There are 2 protein chains.
Amino acid sequence: MSISAIELTPVQTVACCSPLLRQPLSVDQAERVASLLKALAEPVRLRLLSLVASHADGEACVCDLAEAFDLAQPTISHHLKVLHEIGLLDRSKRGVWVYYKVRREALSDLGALIGGAPQ
Amino acid sequence: MSISAIELTPVQTVACCSPLLRQPLSVDQAERVASLLKALAEPVRLRLLSLVASHADGEACVCDLAEAFDLAQPTISHHLKVLHEIGLLDRSKRGVWVYYKVRREALSDLGALIGGAPQ
DNA sequence: CATCTATATTGACACGCATCAATGTCTGGG
DNA sequence: CCCAGACATTGATGCGTGTCAATATAGATG
């Protein structure tokens with residue numbers, strides 16, 4: 001159902017935008033950026049991101065992550081799915097385990113979009 | 001109820017944090033960062049920010065801003081209040097008009113927190 | 001095939017929040 | 001003093017979403 005063979009994550013579709021303050025955002029741009037930020041703007045997901053990043057090899061399986069929270073396993077899976085779908089987490093299945101890894105480039109693109117070009 | 005006489009905006013209370021990925025966020029840190037991002041993660045507020053920034057002198061009054069949206073005036077006031085309260089917009093009243101101005105430093109702090117230190 | 005474990009999906013519920021109409025507050029002018 | 005205009009506050013409503021229990025899927029092992 002994707003438009004082309006090239007798969008673009010939501011992050012990539014806005015990473016090209018001017019920094020927030022350079023010119024008025026269009027309605028479409030604002031909605032795309034907002035949905036990205038909404039995905040980040042959740043305490044559990046923020047902790048998941050930083051936990052994954054701090055893990056050995058920058059990777060962590062769901063079982064490692066779920067231990068750190070007082071939440072049901074489906075809830076953790078849900079949050080990981082959200083982060084994966086917007087392109088902030090890579091997902092790789094090895095055996096029975098699923099490993100997630102932070103896409104640092106995506107996060108820094110988003111940071112630059114908000115804070116202005118890092119240059 | 002603040003800890004000291006120095007008034008810190010929500011942005012300033014997290015701006016000192018390590019970048020998101022350097023070490024696992026505490027529960028408290030995650031909640032503070034999340035509430036900041038929630039304030040940003042709204043299409044109307046994103047457009048308001050970029051509109052104010054693009055306005056002459058980097059300032060705009062509510063009447064200028066309200067014109068750009070198909071929303072009731074109280075809704076715009078509500079969004080401006082949210083952005084002001086987290087420290088992303090400065091507020092100054094002159095006569096009957098209220099002018100808002102982007103605190104660029106606050107935004108760039110937030111961007112750095114997400115995207116890693118701009119260095 | 002049967003079973004166990006790791007992870008994902010589904011459906012339901014409760015809570016937060018964007019929005020509006022109505023009303024309040026403040027300032028300037030006649 | 002009263003009116004008009006700019007902006008804020010309040011209260012109500014509908015929708016989005018974080019959470020869980022229950023269930024499904026999929027890989028490993030015997």
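Reckoned from all heavy atoms, side chains included, excluding hydrogens, waters and symmetry mates. Here is the naming used below: chain letters follow the sequence lines, and residue numbers restart at 1 for every chain. Computed from a predicted model, the values in this text were never measured in an experiment.
- Within the 4.5 Å cutoff, the side chain of Leu40(A) has heavy atoms near those of the Leu107(A) side chain.
- Here the closest non-hydrogen pair linking His84(A) and Leu89(A) is ND1-O, 2.9 Å.
- The shortest heavy-atom contact between Gly115(A) and Ser108(B) is O-CB, 3.5 Å.
- Side-chain contact between Leu88(B) and Arg103(B) is absent, with no heavy-atom pair separated by less than 4.5 Å.
- In the hydrophobic clustering, Val82(B) connects to no other residue, as no ILVMFWY side-chain heavy atoms lie under 4.5 Å from its own.
- For the pair Lys81(A) and dT7(C), the criterion of a side-chain N or O lying under 4.0 Å from OP1 or OP2 is not met.
- Using a 4.0 Å cutoff on non-hydrogen atoms, the parts of residues 53-70 of chain B near DNA chain D are Cys61(B), Val62(B), Cys63(B), ordered by number.
- Clustering of Ile, Leu, Val, Met, Phe, Trp and Tyr by side-chain heavy atoms under 4.5 Å joins Tyr99(B) with Val96(B), Trp97(B).
- Rounded to the nearest 0.5 angstrom, Ile86(A) CD1 and Leu37(A) CG are separated by 8.5 Å.
- For the segment residues 72-80 of chain A, residues with any heavy atom less than 4.0 angstrom from an atom of DNA chain C are, sorted by number, Gln73(A), Pro74(A), Ser77(A).
- Counting only Watson-Crick and G-U wobble pairs whose two key distances fall under 3.5 Å, DNA chain D forms stems of three or more stacked pairs at C:1-30 with D:1-30.
- Looking at heavy atoms from C-beta onward, Arg104(A) lies in side-chain contact with Leu21(B) at the 4.5 angstrom threshold.
- Taking all atoms of both residues into account, the shortest heavy-atom contact from Pro43(A) to Ala30(B) is O-CB, 3.6 Å.
- For Glu31(A), there are no salt bridge (charged side-chain N to carboxylate O under 4.0 Å, His left out) partners at least two apart in sequence or on another chain.
- Contact check for Leu113(A) versus Leu36(A): no side-chain heavy atoms found under the 4.5 Å cut-off.
- Residues passing the side chain to side chain donor-acceptor pair (under 3.5 Å) test with Arg91(B), sequence neighbours excluded: Tyr100(B).
- The distance from atom CD1 of Ile86(B) to atom P of dC17(C) is 13 Å, rounded to the nearest whole Å.
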Throw together a table of side-chain donor-acceptor distances under 3.5 angstrom for residues 44-72 of chain B, partners on residues two or more places apart or in other chains.
residue, atom, partner, partner atom, Å
Arg45(B), NE, Ala39(B), O, 2.5
Arg45(B), NH1, His79(B), ND1, 3.0
Arg45(B), NH2, Lys38(B), O, 3.4
Arg47(B), NH2, Ala68(B), O, 3.4
Ser50(B), OG, Leu25(A), N, 3.0
Ser50(B), OG, Leu46(B), O, 3.4
Ser50(B), OG, Arg47(B), O, 3.2
Ser54(B), OG, Ser50(B), O, 2.6
His55(B), ND1, Glu59(B), O, 3.0
Glu59(B), OE1, Arg94(B), NH2, 3.1

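- Heavy-atom contacts of chain B under 4.0 Å fall on DNA chain D between two terminal nucleotides, which in 5' to 3' order are dA6(D) to dT9(D).
- Contacts between residues 93-101 of chain B and DNA chain D, defined by a heavy-atom separation below 4.0 Å, involve Val96(B), Trp97(B), Val98(B), Tyr100(B), listed by number.
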